[in-house]
J.: 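Pasting in a structure now, in structure tokens, and then I'll have a few things to ask.
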Protein chains: 2
Amino acid sequence: MLSKKAQYAFHALTYLVEKEGEGPVQISNIAQEKGISLKFLEIILLELKRGGILGSKKGKGGGYYLIKSPKEVPLSKVIRLIDGPIALLPCVSLNFYEPCEHCTEDGCGLNGVMAEVRDATLLILERKTLADIVKG
Amino acid sequence: MLSKKAQYAFHALTYLVEKEGEGPVQISNIAQEKGISLKFLEIILLELKRGGILGSKKGKGGGYYLIKSPKEVPLSKVIRLIDGPIALLPCVSLNFYEPCEHCTEDGCGLNGVMAEVRDATLLILERKTLADIVKG
DNA sequence: GTAATACCCCATAGAAATACTAGGGTAAAC
DNA sequence: GTTTACCCTAGTATTTCTATGGGGTATTAC
């Protein structure tokens, strides 16, 4: 399951997509509009900025904005940034790989299936972008 | 990600599949062989029993055993039993559905994609069974 | 240049989930 | 009736989740 944090991230991002071209959007604006705690949202947006998805501008008229086209931001990137691994097992994770202590060298039988699940999931999450989750 | 508990469950189940036909297997046997804490494993096996996957026999010569053929136990059943929902969002979960407060009536844009992910995942996890995760 | 704005950073904290641990109870087999 | 081995309740340490609070700093408008 996605954490609340990741869900909030998506809600904030879709809002920013909708507001694209209107200049920076303030945290307080997003928080109020989407019903998210302001301080918690602050942390989330900061992470999205550090992850290269958002840019920010300080001072009057400042706020957050997308630094890429929505079509260039796959959903997988957001999930990995906020929640971490997409795979169901650390030993089949592409970006957060860790060996299992319980798997023998030739791997336990789970690996194969979980790698399949990972691939099927990524096939969707890598292709779908922020542009796809904004209602027409 | 699967919890350690779920991973232990799979390790224990594969062991039971390998020992099928040899009568009940004791918890202590599985725990030692798979390197799992005995008391923690006890809890896990009990949940698998309550979930209708395992049977147990008390007293001397007792232990746990599969009550169905390994081919009849899909991996999805084990995951749902131990970890809960397979879907990434509660609002697209088939077995643990909960409405999202942030989604409007016609749904947020995420729903569609996450339902796709769920279907792709289930297509694998419903078809693959305990028989598939035991090494030939 | 100064005051207002709005992001930035650090510390803390309650609640829940995770991953166990301890100890005794109970049914079955011999 | 004693041993075996599952069954049940309770507790606990650690981590993660979900925030909250207060102050610092860069930018802009005037």
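Residue numbering restarts at 1 for every chain, and letters A, B, ... go by the order of the sequence lines. Note that this is a predicted model, so its numbers are computed, not measured.
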J.: Rounded to the nearest angstrom, tell me the gap between atom CD in B/E47 and atom C1' in C/dC20.
T.: 13 Å

J.: Once you apply a heavy-atom cut-off of 4.0 Å, does A/I27 come out as touching a base, just sugar-phosphate, or nothing?
T.: sugar-phosphate

J.: Toward the 5' end of DNA chain C, which comes first, A/E42 or B/G59, by nearest nucleotide?
T.: A/E42

J.: Between B/R80 and B/E126, does a salt bridge (Lys or Arg N to Asp or Glu O under 4.0 Å) hold up when you go through it step by step?
T.: CA-CA 11 Å; B/R80 283 183 175 130; B/E126 304 259 73; 3.6 Å; yes

J.: Verify the contact: side-chain N or O of B/R50 to OP1 or OP2 of D/dC6, cut-off strictly under 4.0 Å; return yes or no.
T.: no

J.: Taking atom P of C/dG23 as reference, at what distance in whole Å does atom CZ of B/F40 sit?
T.: 19 Å

J.: Over how many whole Å does the gap from A/K4 atom NZ to C/dA17 atom C1' extend?
T.: 14 Å

J.: Among A/L130, A/D132, A/I133, A/L16, exactly one meets side-chain contact (heavy atoms from CB on, under 4.5 Å) together with A/P70. Which residue is that?
T.: A/L130

J.: Would you mind reading off the distance between B/Y65 atom OH and D/dA5 atom P, rounded to a whole angstrom?
T.: 15 Å

J.: Write down the distance between CG (A/L41) and P (C/dA6), rounded to a whole number of angstrom.
T.: 15 Å

J.: Phosphate oxygens OP1/OP2 of C/dC8: is one of them under 4.0 Å from a side-chain N or O of A/K49?
T.: yes

J.: Between P on C/dA22 and CG on B/L38, what's the gap in Å once rounded to a whole number?
T.: 12 Å

J.: Can any side-chain N or O of A/D83 pair as donor or acceptor with the backbone N or O of A/L2 at less than 3.5 Å?
T.: no

J.: Looking only at side-chain atoms of B/K39, point me to the closest of C/dA22, C/dC8, C/dA19.
T.: C/dA22

J.: OP1, OP2 of C/dC8 versus side-chain N and O of A/Y64: anything below 4.0 Å?
T.: yes

J.: Taking all non-hydrogen atoms of both residues, which atom of B/I36 and which atom of B/L41 are closest, and how far apart?
T.: CG2-CB, 4.0 Å

J.: Check this one for me: any side-chain N or O of A/S56 less than 4.0 Å away from OP1 or OP2 of C/dC8?
T.: yes

J.: Figure out the NZ/C1' separation between B/K57 and D/dA5, and round it to whole Å.
T.: 12 Å

J.: Just N and O in the side chain of B/S37: are any of them under 4.0 Å from OP1 or OP2 of C/dT21?
T.: yes

J.: If you find the nucleotide of DNA chain D closest to B/I43 and the one closest to A/G61, which residue's nucleotide is nearer the 5' end?
T.: B/I43

J.: Over how many whole Å does the gap from B/I82 atom CD1 to C/dT18 atom P extend?
T.: 11 Å

J.: Return the minimal non-hydrogen interatomic distance between B/V78 and B/A9, and the atom names on each side.
T.: CG1-CB, 4.3 Å

